[in-house]
Amino acid sequence: MADEVRRPRVLDVLSAEEPWEVPSAWTERVRAQLRLWAEDPEALRPLRPEAFPDFVKGTPAAVWFTHQVAPLLTGWIPVLHGEYADLSTELTHDFYRPSSRLGGTGHVIYVAPTDWHLQAIAGARGFRELGRKHALLVSRDVVRLFVDAPPMAARAEALAAAFDRVLADRDATHLHITGEYDEIAKYWRTDALKPLERAVLPELAGPTAALRYSLNSIRDTHARMLMVSPDEYAGDFAQVLSELILAAGLRGIPQSVANILGDATIDVHNALEDLRPRFDLQTWHGHVNQWMSRAIRNGQSPLARAWGAAAARVGIHLSGALSKQPWPEPEIPDLTTLFRMLDRERWSALETAAAAEQENSLAAAWSSVKAGEDKTASSLDDEPLPPKPVDLSDNPLAELDSLIGLESVKDAVRRMVAEVKTNLRRTELGLPSHERARHMVFVGKPGTAKTTIARLLSRIYHQLGVLEKGHVVEVDRSDLVGAAVGSTAPMTAAKFREALGGVLFIDEAYSLTPENTPGDYGLEAVATILKMMEDHRNDCIVIVAGYHREMQRFMESNTGLQSRFPKLLSFSEYDTDQLVQIFELQARQKGMIYGEEVLDKVRTVIPPAPRGHSFGNGRFIRNVLEEAVSNQATRLSASDPDKLTERDLRELIPSDVRPPTSMRAEDYLLQKPGT
């Protein structure tokens, strides 16, 4: 089957979510435009013909510039793979005659100075004004070739828009045709791009901005990878950066990196000191490859790709290749193996799709024959299955609305969103804003969705532009309070720094100030948090959570707490109907189907009210559902697996629903009595 399946010609940009099957019409259109430019010497003549080695004589500057910038429009330090990995040569082969070409199933990493977009303009230095204006037009027109190519569209649109503004602005145009190149480069680093454009073209702000972007990328993707694919060898950001530093052959943290890390430098330094005596590059590559492979098998290919691209980018920075140092050997991480795993997944998907298409064709033909023989036969299995739930991961407000109950909490969140939007508009109009601190107190029993709301709030604030990253760092006393004198403040500060750009969620915050325990180290943690809230007042939202009465005591334990936490959200317990609705929601999210008899059985396993302080609410229902799915699997194991239908695998029956006989350790630890 594998040899019969047509494998499309793709441009596989590692940082993209999936490869792009390049339409032949698109490549032909680009090549046709390059030929038109070559045939119109008056409009687009060469700037410096002798400066284009490996190109045929008379090649116009537009063709040369296309060759230079095409791969860099896919990203900063892009890694390209697939049949179109040598993208520049594919597009300019009518003019480009290199002595060797990239071939096979390899990949290529492109690096360039952070002023790569100004190469045509730089080449026009010393020319008269007409030639320099021509270089500016060439730059804009070449970039516009790529605005409809998915892997390049966002960066091409942003850069083309910036060039358009320069050409529409008399002063900016005058600078480009008369000014010194250093002045032009400075203009692009500071003034040429709007904020959203700078977000997709971060390196255009200069080397320091490019390095900061690369470090932020590996920190963010590493955190997301750990959330969806935990790994015993993959530590925190400080550890992975230390591993990349050691893999690059360095002994310590480069000063440029330390300048960006700031206070986090000490964490990376400590991780380096711990790792250096036992670090082995081959072993590390093996651990990373296993981690990536597991993520890919579990449907997390886009995230594995993003992690690989971010790690490769940092590896290039650390190796010094951007400053003409030797290329790192071997590559960091092992990109050859990563692409091999991704290719295997892609080809397998193609083969599966081809097999399914063939099977569907045969099934359709058989169904038409069968329909002619017997039009009256029907059964439950013929009924269409309910669709699986819509993915709301990109719409946190819609996800908030889909939650069961929590009406007062939802209303409070909507008012907070309205407040943020109003203040953003005031700022746009130059009016003073009326913002309050966004730190919050969540009170309620376990399983009432406090953590869920914290995560949704972080994503909502990120979409509104209030939080830079929108992640959540969940901690409790053990993460903040050390066992020895002097250890608490550094631990607390490290967790706070980890949460910058997102939310620090402190569960059972009252445990930081235990009753009748003067001198407890938790008081130092509270003081450290209050200081860092002041130092980073707009960079992090702190949410403290716990039982009602204990949280009241906690807020009264320090005079600075109440003024810094102006918002309180109260999470009510769920009634029986709401718990049944939660079961339905979670079952649909797992793709399961059920009848009313199943819901009636769920009601019988929910303890009657009042349920006591140890009842887990939503967590209890999650355990009921997981127990039901496990019981279903046991029931189906007695059947011939080849005869099981999709309905069999998705359907729960009443006998599957029983009181949970066990619960996760994490749930057990959260079932602490309160008052």
Practice problem: Could you tell me which residues satisfy side-chain contact (heavy atoms from CB on, under 4.5 Å) with S487, sequence neighbours excluded, listed by chain and number? | Solution: A484
Exercise. Indicate the ring-plane relationship of H287 and Y233, choosing parallel, tilted or perpendicular according to the 30° and 60° boundaries.
Key: parallel
Quiz item: Do H471 and M227 have side-chain heavy atoms sitting under 4.5 Å apart?
Solution: no
Practice problem: For K567, look at atom NZ and say whether over 12 heavy atoms of other residues, nucleotides or ligands are found less than 6.0 Å away. | Solution: yes
Quiz item: Can you check whether V314 reaches L211 side chain to side chain, under 4.5 Å on heavy atoms?
Solution: no
Quiz item: Charged N to carboxylate O under 4.0 angstrom, D411 versus R415?
Solution: yes
Self-check item: SB check R438 E419 (cutoff 4.0 Å)
Solution: no
Quiz item: Does the distance from a Lys or Arg side-chain N to an Asp or Glu carboxylate O, for E399 and R455, drop under 4.0 Å?
Solution: no
Quiz item: Salt bridge check: are E407 and K410 linked by an N-O gap of less than 4.0 Å?
Solution: yes
Practice problem: Just grab all the side chain to side chain donor-acceptor pair (under 3.5 Å) pairs involving residues 299-316, residues at least two apart or on different chains. | Solution: D12-R305, S217-R313, H222-W307, S301-E345
Quiz item: Just wondering, more than 12 heavy atoms not from E273 lying within 6.0 Å of its CD?
Solution: yes
Practice problem: Salt-bridge test for D115 and R189: reply yes if a basic N is under 4.0 Å from a carboxylate O, no otherwise. | Solution: no
Exercise. Under the ring pair (Phe, Tyr, Trp, His ring centres under 6.0 Å) rule, what do W116 and Y110 come out as? Steps first, then yes or no, please.
Key: CA-CA 11 Å; W116 58 268; Y110 289 89; over 10 Å; no
Quiz item: Once the angle between the rings of Y187 and H176 is folded into 0 to 90°, is it parallel (under 30°), tilted (30 to 60°) or perpendicular (over 60°)?
Solution: perpendicular
Quiz item: Would the number of heavy atoms belonging to other residues, nucleotides or ligands and lying under 6.0 Å from NZ of K469 be above 12?
Solution: yes
Quiz item: Looking at K186 and D191, does any basic side-chain N land under 4.0 Å from a carboxylate oxygen?
Solution: no
Quiz item: Do you know which two heavy atoms are closest between A304 and I296, and how far apart they sit?
Solution: CB-CG1, 4.0 Å
Quiz item: Using 4.0 Å as the upper bound for N to carboxylate O, is an ion pair formed by K495 and D236?
Solution: no
Practice problem: Please check if atom CG in L196 has more than 12 non-hydrogen atoms from other residues, nucleotides or ligands closer than 6.0 Å. | Solution: no
